[in-house]
Amino acid sequence: MPSSMASASAADPSLPALLLAWYDRHARRLPWRTPPGGPAPDPYGVWLSEVMLQQTTVAAVIPYYQRFLARWPTVRDLAAAPLDDVLTEWAGLGYYARARNLHKCAMAVTERHGGVFPDTEEALRDLPGIGAYTAAAVAAIAFGRRATVVDGNVERVMARLFAVEDPLPGSKGELKRLADTLTPDSRCGDYAQAVMDLGATVCTPRSPSCLACPWQAPCAARRSGIAEELPRKDRKAAKPVRRGVAFWLTDDDGRVLLRRRPEDGLLGGMIEVPSTPWREGSPWAPEEALEHAPLRGLRWTPLPGLVRHTFTHFHLELTLVAATAEAAQPPAAARWVALPALGGEALPTVMRKVVRAAVAGL
DNA sequence: GAGCCGTGGTG
DNA sequence: TCACCAAGGCT
């Protein structure tokens, strides 16, 4: 077979060069990046952005990244902050265990490493919230280490370039090995970002722009006409619906009752409007729901509307009931909060929807 | 290994 | 409307 027709070979040294040349022309300018070929960016900013970018889009991350960096310019500043402040600043970004681990990691870097991020994959991997992907990304981007970065983009690009037809997640190991064979020894940070940029902007999940791809010639899936079908994936289970009743309780001064969720699990450590448990199956009968009310002996009235929200593995439907308590002490683990102060609370998006629905319904 | 863990955009 | 998807990590 003529070399010009050869499909991707793991040993082909021209593949990284082709990609880097493309990246030199097409790299997106992002707040946590330095230009291609330039000095490496600050490890703190790289780490912060990579944690925020876990399963999260660039567009969603940018404003959060800017606010975090302005409020806590160094890892020491972040380590010294109260966890509550970090959770409040993170509210709306999702996957709140990331925020708790971010704070833990900042404290570990400050206390165990003197405020300086370790510069090897292995040492980074030992820090909270840093897994295989993030350790490789920080090592390559911030420290120029040769490290094979494998995220969803890289898996898709490798599956197509080498026409791997075995479905994910079973093919993860194979895709990682293929990615590793391509990883160059120089310009490690640029290369890592280049593969991910390629996946994000050219080798997209649907309607990939193969004509704009620096790897179009060697791409085995494109040649077979199956690029858009790869990577294959096993079907995911359908999401069940869970239902609950939220209690909008205000006092004489119009303040609303809020409480903190348990530290672990769904929305761990975040602030919420009290509610019944969220259960799958039958809707809550009124008298049944009131057994879970935060205060007894109140006259609850239904509010119009239904709050819908989708989590990773279930849909949620919340109805609202409202009551007023006269000069009541807040129940244990709960407190009264004035409505104008809600912006400063660690309210996840689903709870901001509850607030909006309650205010609109009263 | 597989389930859990948010949110917003997209087709 | 709805399933899929995004620079994953933890248990």
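FYI, side chains are in, hydrogens and waters are out, and symmetry mates aren't considered; it's all heavy atoms of this structure. Letters A, B, ... mirror the listed sequences (proteins, then strands); counts begin at 1. Quick caveat: nothing in here was measured; it's all calculated off a predicted structure.
Taking the charged nitrogens against the carboxylate oxygens, A/Lys172 and A/Asp166 have no contact shorter than 4.0 Å, which rules out a salt bridge. Between A/Arg242 and A/Glu280 there is no salt bridge, since no side-chain N of the basic residue sits under 4.0 Å from a carboxylate O of the acidic one. Salt bridge absent: A/Glu122 and A/Arg125 never bring a charged side-chain N and a carboxylate O closer than 4.0 Å. A salt bridge does not link A/Arg112 to A/Asp126: none of the charged nitrogens lies less than 4.0 Å from a carboxylate oxygen. Between A/Arg232 and A/Glu165, at least one side-chain N (NZ, or NE/NH1/NH2) sits under 4.0 Å from a carboxylate O, which counts as a salt bridge. Taking a cutoff of 4.0 Å between a charged side-chain nitrogen and a carboxylate oxygen, A/Glu288 and A/Arg279 qualify as a salt bridge.
Across the protein-nucleic acid pair, A/Glu228 atom CD and C/dC4 atom P stand 15 Å apart, rounded to whole Å. Atom CD in A/Gln55 sits roughly 13 Å away from atom C1' in B/dG8 (whole-Å rounding). Put simply, CD on A/Glu50 is 9 Å from P on C/dG9, counting in whole angstrom units. We find that OH of A/Tyr133 is positioned 14 Å from P of C/dC10, with the value rounded to whole Å. Put simply, NZ on A/Lys239 is 10 Å from C1' on C/dC5, counting in whole angstrom units. Spacing between atom CG of A/Leu316 and atom P of B/dC4 amounts to 16 Å, rounded to whole angstrom units. A/Phe314 places its CZ atom 10 Å from the P atom of B/dT7, with the value rounded to the nearest Å. Put simply, NZ on A/Lys353 is 14 Å from P on B/dG6, counting in whole angstrom units.
Comparing the P positions of C/dC4 and B/dG3 gives a spacing of 15 Å, expressed to the nearest Å. A gap of 22 Å separates the P atoms of B/dG8 and C/dG9, to the nearest Å. Going from the P atom of B/dC5 to that of C/dC2 covers 22 Å, rounded to whole Å.
The listed nucleotides are C/dC5, B/dT7, B/dC5; the one nearest the side chain of A/Lys233 is C/dC5. In this structure, of C/dC10, B/dC5, C/dA6, it is C/dA6 that holds the atom nearest to the side chain of A/Thr57. Taking only side-chain atoms of A/Pro348, from C-beta outward, the nucleotide of C/dA6, B/dT7, C/dG9 with the closest atom is B/dT7. The A/Arg98 side chain lies nearest to B/dG6 when the options are C/dC4, B/dG6, C/dA6. For A/Arg235, counting side-chain heavy atoms from C-beta on, the closest listed nucleotide (C/dC4, B/dG6, B/dT7) is C/dC4. Considering only the side chain of A/Arg206, B/dG9 comes nearest among B/dT7, B/dG9, C/dG9.
Between A/Trp336 and A/Val256, the closest side-chain pair of non-hydrogen atoms is not below 4.5 Å. Contact annotation: the side chain of A/Met270 never approaches that of A/Leu347 to less than 4.5 Å [non-hydrogen atoms, C-beta and beyond].
Formation of a donor-acceptor pair under 3.5 Å by the A/Arg243 side chain with backbone atoms of A/Trp278 is not found in this model. Of the possible donor and acceptor atoms, none in the side chain of A/Ser224 sits under 3.5 Å from a partner among the backbone N and O of A/Ile226.
Residues A/Pro169 and A/Leu347 each lie close to DNA chain B; by heavy-atom proximity, the contact nearer the 5' end of the strand is made by A/Pro169. Remark on DNA chain C: of its neighbouring residues A/Gln193 and A/Asn101, the 5'-side contact belongs to A/Gln193, judged by nearest-heavy-atom nucleotide.
Of the side-chain N and O atoms in A/His313, none sit less than 4.0 angstrom from OP1 or OP2 of B/dG3. Between C/dA6 and A/Arg156, a contact under 4.0 Å exists linking OP1 or OP2 to a side-chain N or O. Phosphate contact (OP1/OP2 of C/dG9, side-chain N/O of A/Arg100, threshold under 4.0 Å): absent. An OP1 or OP2 oxygen of C/dG8 is reached within less than 4.0 angstrom by no side-chain nitrogen or oxygen of A/Gln54. An OP1 or OP2 oxygen of B/dG11 is reached within less than 4.0 angstrom by no side-chain nitrogen or oxygen of A/Ser207. Between B/dC4 and A/Thr312, no contact under 4.0 Å exists linking OP1 or OP2 to a side-chain N or O.
Between the side chain of A/Thr56 and the base of B/dG6 there is at least one donor-acceptor pair of N/O atoms closer than 3.5 Å.
Residues from residues 30-43 of chain A with heavy atoms under 4.0 angstrom of DNA chain C, sorted by number: A/Leu30, A/Trp32, A/Arg33. The stretch residues 87-97 of chain A touches DNA chain B through A/Gly92, A/Leu93, A/Gly94, A/Tyr95, A/Tyr96, each having a heavy atom within less than 4.0 Å of the strand.
Looking at heavy-atom distances under 4.0 Å, A/Ala132 makes contact with sugar-phosphate atoms alone, never a base.
Classification of the A/Trp215-A/Tyr191 ring pair by plane angle, with boundaries at 30° and 60°, yields tilted.
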